[in-house]
Amino acid sequence: MLEVRYRTARTRPLARATLPAALDPGLTIRPAEAGARFSLRVRKATGTVAGLPLDGPINSLAGDDARWIARLGPDEWLIGTSETEADALAAAVASDLAGTAHALVDVSHRNVGIDVSGAKSAILLNAGCPLDLGDTAFPSGSATRTLLGKAEIVLIRWPGATPRYRVECWRSFATYVHGFLVEAGLGTTAPSKAA
Amino acid sequence: MAQPFRLPRGGRVDRTRPISFTFNGRTIEGFQGDSVASALLANGVHLVGRSFKYHRPRGILSHGSDEPSALLSVDRGRGRIDPNNRASVVEARAGLKTQSQNHWPSLEFDVGAVNDLLSPVFVAGFYYKTFMWPRKFWDKVYEPIIRGAAGLGKAPVEADPDRYANRHAHCDVLVVGAGPTGLAAALAAAKTGARVILADEGPEPGGSLLHDVTSEIDGRPAAAWLAATLADLDARENVILLPRTTVFGYYNHNHVALTERVTDHLPGATGTAPRERLWQVRAEQVVLAGGSHERPLVFADNDRPGILLAESVRVFINRYGVAPGRRIVFATNGASAYTCAHDAKAAGLDVTLVDFRTESECGPELGRLRAAGVEVLTGHTVVGSKGRKRVTGLLVAPVGSDGRCGGRRLLPCDCVGMSGGWTPAVHLFSQSRGKLAYDAARDAFLPSVSAQAERSAGAANGAYDLAACLAEGYAAGAAAAASEDRRSFTATPTATGFKPVRIMPTDADPTKQRAFVDFQNDVTAKDIKLAVREGFQSIEHVKRYTTTGMATDQGKTSNMNALGIVAGQLDKSLPGVGTTTFRPPYTPVTFGALVGPARHALFDPIRTTPIHEWAERQGAKFENVALWRRAWYFPRGSEDLHAAVARECKAVREGVGIFDASTLGKIEVVGPDAAEFMNRLYVNPWLKLEPGRCRYGLMLKEDGYILDDGVVARVSQDCFHVTTTTGGAARVLGHMEDYLQTEWPELEVFLTSTTEQWSVIALQGPKARAVIAPLVDGIDLSPEAFPHMAMRTGTICGVPTRLFRVSFTGELGFEINVPSDQAAAVWEAIFAEGQPHGITPYGTETMHVLRAEKGYIIVGQETDGTVTPDDVGLAGMIAKAKKDFVGKRSLARPDVVATGRKQLVGLVTADPKLVLDEGAQIVSDTNQPIPMRMLGHVTSSYWSPNCGRSIAMALVADGRLLMGNTLHVTTPEGFTTVTVVDPVFFDPKGERINA
Amino acid sequence: MLLIDCPYCGKRPETEFRCGGQAHIARPTDPSALSDADWSEHLFVRANPRGVHAERWNHIHGCGRWFNALRDTVSDRFIETYPVGSEPTTGSHPSQGTEPTRSTQTETRA
């Protein structure tokens, strides 16, 4: 009974986030669905876990929107999947890495995702992110930990030709990060040409 | 007649779009495309301000960002007012209200002008010489007077209503300046496909091409070449062209800062567009093509309104279609002013030219100008000017080869265009730490040795001929993009060359003359000479003593003249004197641009827990703890802090309280070597801690001082759930990672921050177990099965939990860790379940009081980075058997084992109602002479509702030896008496915790 | 703002990093064997050269890794960055060891 009442209800930090009407029409800023996230630490960057590759270059992403692995450092990965698949994924990783020292830590409730898309996405993100987000330096399939204003984020550029990004931050920073992106979205608008 | 000085034709202003604004309340008519300066001149307004020190009437000197004199307060409406705007760079638009500055009661009649008569008093170093004594006059008399008189404009008083944006950008080639050099550079770089940013401070790219109506480039008029080049650049996707954008700072590793003025020039609403945008550009290569600044000539009374720089006269005529006067005298020591004279003559104005150079020193420009019917007086000096609020005549005289002046001649005029030569704008190059070298042929410091990946080109590099600028710019742009592409341009030859002169020879007593060098700071040639006579030899010292080269223009027009005079006085070469340091910003930058979006809610992240909204609904008051906003107390009705805390403290000890401890730092320490890692980092022993058990851990820095503390649970053989203080979470994780990666890489351990994965609901008090019992599944809560300092996993309300039986209050307590998204629901369920038990939410203040009643320390309150475990009575926690842990060796340092260290004790006041001030100093004898020996200070002090009196903790030298002794503590009313006691004030036997 | 070449992530802006002071000061394997003077030297005494300096940097807001760098303190130029536990390829520098490091090292080697 209690289980039904509470376990299914996840209260996400940005559940009531709103966007101003004046936001640059070339941009979409949307809190991502609640999902599962795991931080994986292992020194062996070879093979796969739960079907996800460990041998991608540092700062790259493999997989798709629904199930992905981002290599954030030589021995650190962030894995994203749906809530329903979380237990199975954790079990598969444990099985694949049996006998190898590793840490798989559930950070589903720590991380909050915000999706940013639209032609001006990189300009929007560059309001607070100091990285070169050009196609050469940060092509689709890139993922890295970095900064947005005064908050630390993980920035993912999804595979595909259209510019789509995921900003992941810790939950208590979500209000700031979302607010920063919205403010930046107002600041990218050009004044009307009529003068 | 409106705009009496607007020429009938010419200029780039749009005559079909009239605009109007006000100056000192008077309506000024102009056209779209005017600057405030050009519109004022079109209306015959030359007097626009009073000078800084002497309140002399001042006009417009220049057409650009080097303007030192014409500083206006600009009101853009709706709270948008700011001072010290250069009239020459503010774009005229409808609705602007501009005001002159530094005068009272009016611009025309200024009482402060009495300073001009007193000018013999206001010599260089006036403040230093005058306000020396008596010393006690400084605070009350001198400083207020100086502050009242200082500064030009008035700072705005309202909050800035505008939005300021920020943008990081990367490019292959950043080109600074969109004159002919910069345009050619951008074109060459863009052709290679490189990412190019081209920035120019003006509203329209083009630089000198915007006012060059006679030159041709590649067989086309300059304006046509400009239009075609801009169209070419505009069509390229790899080029970002930024007008109205000043490159103001050149920092490390080609990190360059720009401000883009986005909306100031637009009348009416601009939607959500920002006023300005700060660009932080990281460029692979930079091309500096910022041009050069014209120097004034230094002669007596060279500062009258109507006396402009020669090139600026040309700009007002050609670019704005404005005649700065009908009868213009050009005074020069070089060739460029001849072009200005030509253009003025072509515009139908009466023109005379006075050249300091002799006939033979002049080039072909001389014959050409005479052929155009202009009287040219060569070999002449300027000895003064006539007029007061507007120049009415220029006094000139021939100079012989011996430097003696012949008979004076008055040239009546209403405008003077002066040219003392050119100074390349090497500011950004110098900011980049590049080395300058003096070039005698150009009488200028030029870029010499680069420190970063940049190159200078065009006039910024000392090239003044149009074709040379174009070729040099093109080569620089191509080279910056790693291309071998080079090309030459055919262009109309530019009249260049000049004969340097520091102070124009005069027939008058130079000690009685006021020949201005720095117009903004009212520094005369005389002042600079005086400074050198008084012993200032370093140019940096002369600058500070005389104030030459300071303030908003940073001496763009004046520095070379000042340098030259100093060199002459010292009989040194110019390179021997050197330049003052060029520092950012190149021109003034608004605070708004630097702040950007970082204000209000975006000033800093405000971190809140999942329980925050519930606490808000309960009417909690909050306090800031690091970036977190934590519930401080929960007032009921009209309760104040003390009443609420007293009630909350009682409720916890007598019933049950609920507290949001989610901000505690949490780290998951995982790996086969996890216990060994913990053993090396903490003072405590960890190898034998059983899974399911907790330990209070204490962590030191290598210097032996306490870094952090917190309860740690062993979740399994190779997994620890570490908690840290709220403020120490990041610091502890960083400390751990540092040792793990750099000292003990052989340990197989992984650290993951779970601070925000787990929210923590602390339930404290004798009834805590009864409240959660119905909600918990899978955990035997009985004291036998689940003793103090144990951790169990199970579910609460069906939500997975790591349930800690721990206490920071001394009561039976639980810290319920649940995944954060479910924490609010679990909290509310517990709160509902606790209603029959009188469950009471409490905040951080009550938490502090309750732990102080028990003598528990708070790291950062009882400790300050110089406190050892023994100092706070925790030496017993140190694992004696461990050979080493971080900080252990330092615990044997001589100063750490010495007697006299400050130790944690309790203090009780003689008056039980008196609550001491935290931080108050402690002495043993109040009759000792001052300075007294301070024994220590109060670290924590509260009213304790459960003890019915005040309590305090303190660090006192050898405090544990002083138990029962009387000491004295400072209060705002004097000393008060206290007794030293054990710092455990409540339940000293610690029985309640095991309930 | 410096541009720092993280050995794992490439060139990244300084704001993502934290500087950890002088590099190649190994923690003694047995601190208790050190005299007070040697321990104090290890704890507190650091080089402050005008010129090339071996420093520890942490890419805290990136891959999280610590690494070492040779930086010219006059020009701010980075000569080289290299992983913890390895030696720079440029010039000589104090090697890691158990001896407490004296402050006479890392003078100008430009």
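Chain letters run A, B, ... following the sequence lines, proteins first and then strands; every chain starts at 1.
- The ring-ring contact (aromatic ring centres under 6.0 Å, His included) check on B:F885 picks up nothing, with sequence neighbours excluded.
- For B:A451, the side chain to side chain contact (heavy atoms under 4.5 Å, CB included) partners are B:R433, not counting sequence neighbours.
- Contact annotation for C:R77: only backbone heavy atoms (N, CA, C, O) come within less than 4.5 Å of a heavy atom of chain B.
- No side-chain donor-acceptor contact under 3.5 Å links B:E743 to the backbone of C:A26.
- Contact of B:E737 with chain C is made through backbone and side chain together, with heavy-atom distances under 4.5 Å.
- A 6.0 Å sphere centred on CZ of B:R893 holds more than 12 heavy atoms belonging to other residues, nucleotides or ligands.
- For the atom pair CD of B:E702 and CZ of C:F44, the computed distance is 10.0 Å after rounding to the nearest 0.5 Å.
- Looking at C:P31 and B:D884, their side chains come closer than 4.5 Å, going by heavy atoms from C-beta outward.
- Remark: B:D895 CG to C:S40 OG distance equals 9.5 Å, nearest 0.5 Å.
- In this structure, CG in B:L891 is found 12.5 Å from OG in C:S32, a value given to the nearest 0.5 Å.
- Contacts between B:D738 and chain C at a heavy-atom distance below 4.5 Å involve backbone atoms as well as side-chain atoms.
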Step by step, work out the salt bridge (Lys or Arg N to Asp or Glu O under 4.0 Å) result for C:D38 and B:R889. CA-CA 11 Å; C:D38 284 346; B:R889 173 64 185 83; over 6 Å; no
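- Annotation: B:E284, atom CD; neighbour count of heavy atoms from other residues, nucleotides and ligands within 6.0 Å does not exceed 12.
- Looking only at side-chain heavy atoms (C-beta outward), C:F67 and B:Q741 stay at 4.5 Å or farther from each other.
- Of the two parts of B:A730, neither the backbone nor the side chain holds a non-hydrogen atom closer than 4.5 Å to a non-hydrogen atom of chain C.
- The choice from B:P745, B:G734, B:S890 that makes the most heavy-atom pairs within less than 4.5 Å of chain C is B:S890.
- For B:E756, the side-chain hydrogen bond (donor to acceptor under 3.5 Å, both in side chains) partners are A:S172, B:R607, not counting sequence neighbours.
- For residues 2-14 of chain C, the interface with chain B (any heavy-atom pair closer than 4.5 Å) comprises C:L2, C:L3, C:P13, sorted by residue number.
- Residues C:R27 and B:T742 have side chains not in contact (no heavy-atom distance under 4.5 Å, counting atoms from C-beta outward).
- If you take NE2 on B:H168 and OG1 on C:T15, they are separated by 7.0 Å, rounding to the nearest 0.5 Å.
- One distance of note links CG of B:D703 with CH2 of C:W39; it measures 9.5 Å at 0.5 Å rounding.
- At a threshold of 4.5 Å between non-hydrogen side-chain atoms, the residues C:M1 and B:H253 do not count as touching.
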